[in-house]
Amino acid sequence: MATSDLGSVANRLFDSFLAPLVLGGEVTPGRPIGARAALAIGRERVVADSALFDQVQIARTRVARRLAPVDRMQGATEAEWALGAALHDLIQAAHPAFDAAFRRRAPGRILDLAEATVARVPAPQSIGESLSRQTWFARVFELQRTDTVVRWWVGSRTFLGESPPARLSAWPELRRVQVDKTSRAVMDLPGAGGAVDATRFGAVLGLWLAKTPLTDLATCHRPLPAFAWRSESLGLVATGPGRVLAARALAWAPKGAADAALGRATRALVAGRSWKAATAALDLLAERALVDAELAEPDKLESPGWARNDASDDAGYARCAGALVACSQLRSAAAPFSDADRDELLARLLPVASSPLARAVQAELSSLG
Amino acid sequence: MLERIALHQTRLRTPGLGLDAKGVALGAKGLVLLPSIDRLVALLAVYTREHSLEDLMPSLEIHLVRSKLGTREITFVFAAESSDRMDRVAETARLVGGFTFTGTSRHFVQYRDVGAPFGYDSGQLLVTDSAFALYHDRFTQTYDEGKSVDLRALLLRLMLHVDPRTVAELGPRFLVAEKGLGPALIHYLVRSRVDGEVTVGEWPPASAFDEGPVQRYIVKVPDLPKRMHALMRLTPGITTFLPVGPGVAVEIAYRHAVQLRACPVFDPNGLVLLRGRGDEPWALERLPQMGDLRAFARVELRGEDTRSVTIATKTGEPPPVRVPLRVMPSTAPWRNVTATWIPVDRIALLRKLAYALPHQSISRTTIAVTARGAFLRCPDGVEAIPLGTFFVEIHPGLYVPAGYEVAPAVSPEVLYRALGALASQMIFVTTDATALAVDAAAFVPLETALLEAGAFEPVVADAIESVLATAPVELKLTALGAFPLRGAEPPEPLAALTPGDAPPPEQEA
């Protein structure tokens, strides 16, 4: 593909997709970009619309400052351009226009291209890189398509992601016009007019999320694709700063749903006897347990709902496992707490760490050796 | 001649004498021998203080008896029934100096006492035709029966005792008024709102010199007011009686020697009025029909020359009784001064004063600017703004000028309803009684109304707004064209992004 073509594709990608994804507004993806262009599009790329670029940079800084005291963000890297293009293609794979004759195989090819693109994007090599990717794609699950059904006295028409023409809404009283609008989330797109396989769509989206682990963790409470610990996200939380950043990102998520997602994913690691990976995940849970012990009301920690005895309670699993590891860390000499703080935290954590569910979790962890 | 009855003794010589369940010798009758009539009265007085004669009355006989020596004594004979009744009577008789006997027909032996708990039996019976043969450990005597004594007649003959304590007793009264006093007494009682019933009793003339039967008004008053006690007692011709039992009443300030309530000898349907000073009682064998006092009140008719009835020629709605509202100066202290009305020509002064007002006053005050001026309200008191006419809130949403009051002096609720204001309106009644209604929504905080907003740079505000706004991310689809996958190519076989690639080029704004 010629360089001029890449420039126009990059401008289209930035103006109509990446910028609205960060700033909000109408995201209007175009033709699928493809893997080759996606991997080449970010090479020494300069955005043409500098004013829009400035707005995007300010918005990215605001997103970053929710997690870390950052004053300035760098422009998009090649990997971020590639991830943006892959996400663009992924969204377009669910385009309802492909649900037509001679076109139904196209979504599969687009998913192949997106998967190939994602596979060639390396994992973030630093905390800053993870944070940078998060600033681009933090709102990916806020993306919504509005489907509109216009009914009038002799017929109806459905507009998927398009605004109905004004003529259809004219004379609403006389023509008895009724307009019904339905919002579709990203994972609902395949089932709402798309011809793409929903399972494969979720799988590729999961692979894409793995390349931006902070986004993956921050949106772990999403229904689909279900959060699972991957090497990228484990690599992030294995370091102290990465764990703090992840804990801050998780603090913006709903507490119960985030605990359930983390508990379910950690339980899968423990069941798979991935001890090293489980240790990193448990450290994150311990970090969250310590935050809860410091901030939550003591009676809330002792309430039955905080750590139910139900073995299928993933949130309770996460809290109990976190409390167990946190108690163990507090008892160790290396814990950076004063004696008074350590005693107080232990007193708050012990009711959770001594619950029946916690004992079951401890037995499960002990079996790992 | 008497022998003490021993424990478990079964055989007795005295005819008609037997042993009851307790082993006490008991005949069918009991007999009390009393030496005189005053002892009999004493017996009745003492016995009726604690017990009723009702159970004795069916079998009671009182006789004057005479012994062989000619002495006259009194026998009080009654059915023995049980040793309990005999014990009660014997105890009372012992107190008044009488002797108690028991027997059945003629022979009566001494009733038991402390010396013989089971009683006595006669060792040798007298052969006599006398009515009574009484065997006592001190004497044995026969008596012939004399005339009978009627208990009712005895009670009516007894002189009443003076007892001023009854004057103050509360409860119903019988007022007996001579014929000439009756109508005046009834009118007085009716006028004094005293409930009661009245009837007229007729008695035979006291002497042959009287012209005819004597009529007296008998008024039964359930609750005679205390203030009338003395009047009724001291007025000549009016006698007050205090009911002491069914069918019998005793004159006020007197007391009968016997508790008449325990003596059922008077007909409850009749009325016996026992008078003091030794006067004969007034008795009515059957109390006549009594009528309500008010039915006997004085009746007066209008003159015959006047029309009997005036018939209305037209009916209609009553004319409204309404008077215009006035606002009058009042000397009452000022309270709850929470509003002021500043005329239009003085609003400029408010502008100048605004610079001197404290923050507390400005923040708590609300203002409504109308064509009639500015109305200011402050729930903590509006005195801090010394302008205009002060108003007092006399009702939620209703204000009158401070130092004034409305006339007629109706309650604030009535005035508020009469003005017919909506709940969302504040009513200000001015000194000339004009009501001004200001919509509550028109009141805005004074601090926002005072300050004249200066121009600001909208560009800066827009920039801040656009940066801080977070619009939702809305996916809009466009047509993909005839060849949507044109240009979408797979990656080159060995193409891959290297980890930690070069930082992006710096971009100038």
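By convention in this document, chain letters (A, B, ...) are assigned in the order of the sequence lines, proteins followed by strands, and residues within each chain are numbered from 1.
Within the model, atoms CZ of A/Arg120 and CD of B/Glu492 stand 10.0 Å from one another, a figure rounded to the nearest 0.5 Å.
By the neighbour-count criterion of 12 heavy atoms within 6.0 Å, atom CZ of B/Arg486 is sparsely surrounded, having that number or fewer from other residues, nucleotides or ligands. Applying the 6.0 Å contact sphere to CZ of A/Arg65 captures more than 12 heavy atoms from other residues, nucleotides or ligands. By the neighbour-count criterion of 12 heavy atoms within 6.0 Å, atom CZ of A/Arg109 is sparsely surrounded, having that number or fewer from other residues, nucleotides or ligands.
In this structure, the portions of A/Ala106 lying under 4.5 Å from any heavy atom of chain B include both its backbone and its side chain. For A/Ser16, no part lies near chain B; criterion is any non-hydrogen pair under 4.5 Å. For B/Pro472, the part lying under 4.5 angstrom from a heavy atom of chain A is the backbone only. For A/Arg184, no part lies under 4.5 angstrom from a heavy atom of chain B. Within the 4.5 angstrom heavy-atom criterion, no atom of A/Ala38 approaches chain B. Residue contact with chain B, scored on non-hydrogen atoms closer than 4.5 Å, is absent for A/Phe17. Interface residue A/Leu113: only side-chain heavy atoms are found under 4.5 Å from chain B.
Closest approach of B/Pro490 to A/Arg36, counting heavy atoms only: O-NE, 3.2 Å. Here the closest non-hydrogen pair linking A/Glu162 and B/Leu477 is CG-O, 3.6 Å. Counting all heavy atoms, side chain and backbone alike, A/Pro32 lies closest to B/Ala488 at O-CB, 3.8 Å. Of all heavy-atom pairs spanning B/Leu497 and A/Ala79, the tightest one is CD1-CA, 3.6 Å. Across every non-hydrogen atom of B/Leu480 and A/Gln92, the tightest pair is CD2-NE2, 3.2 Å.
Within the 4.5 Å cutoff, no side-chain heavy atoms of A/Pro29 are placed close to those of B/Thr478. Using a 4.5 Å heavy-atom threshold, the side chains of A/His95 and B/Pro484 count as separate. Side-chain contact between A/Gln144 and B/Leu475 is absent, with no heavy atoms from C-beta onward closer than 4.5 Å. A 4.5 Å side-chain heavy-atom check between B/Val473 and A/Pro20 finds every atom pair outside the cut-off.
B/Tyr416 pairs by the ring pair (Phe, Tyr, Trp, His ring centres under 6.0 Å) definition with B/His395, not counting sequence neighbours. With sequence neighbours excluded, the residues satisfying ring pair (Phe, Tyr, Trp, His ring centres under 6.0 Å) with B/Tyr399 are B/Phe428.
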Output, in order, the C-alpha distance, side-chain angles, deciding distance and verdict of side-chain hydrogen bond (donor to acceptor under 3.5 Å, both in side chains) for A/Thr146 and B/Lys476. CA-CA 8 Å; A/Thr146 302; B/Lys476 287 290 182 184; 5.9 Å; no
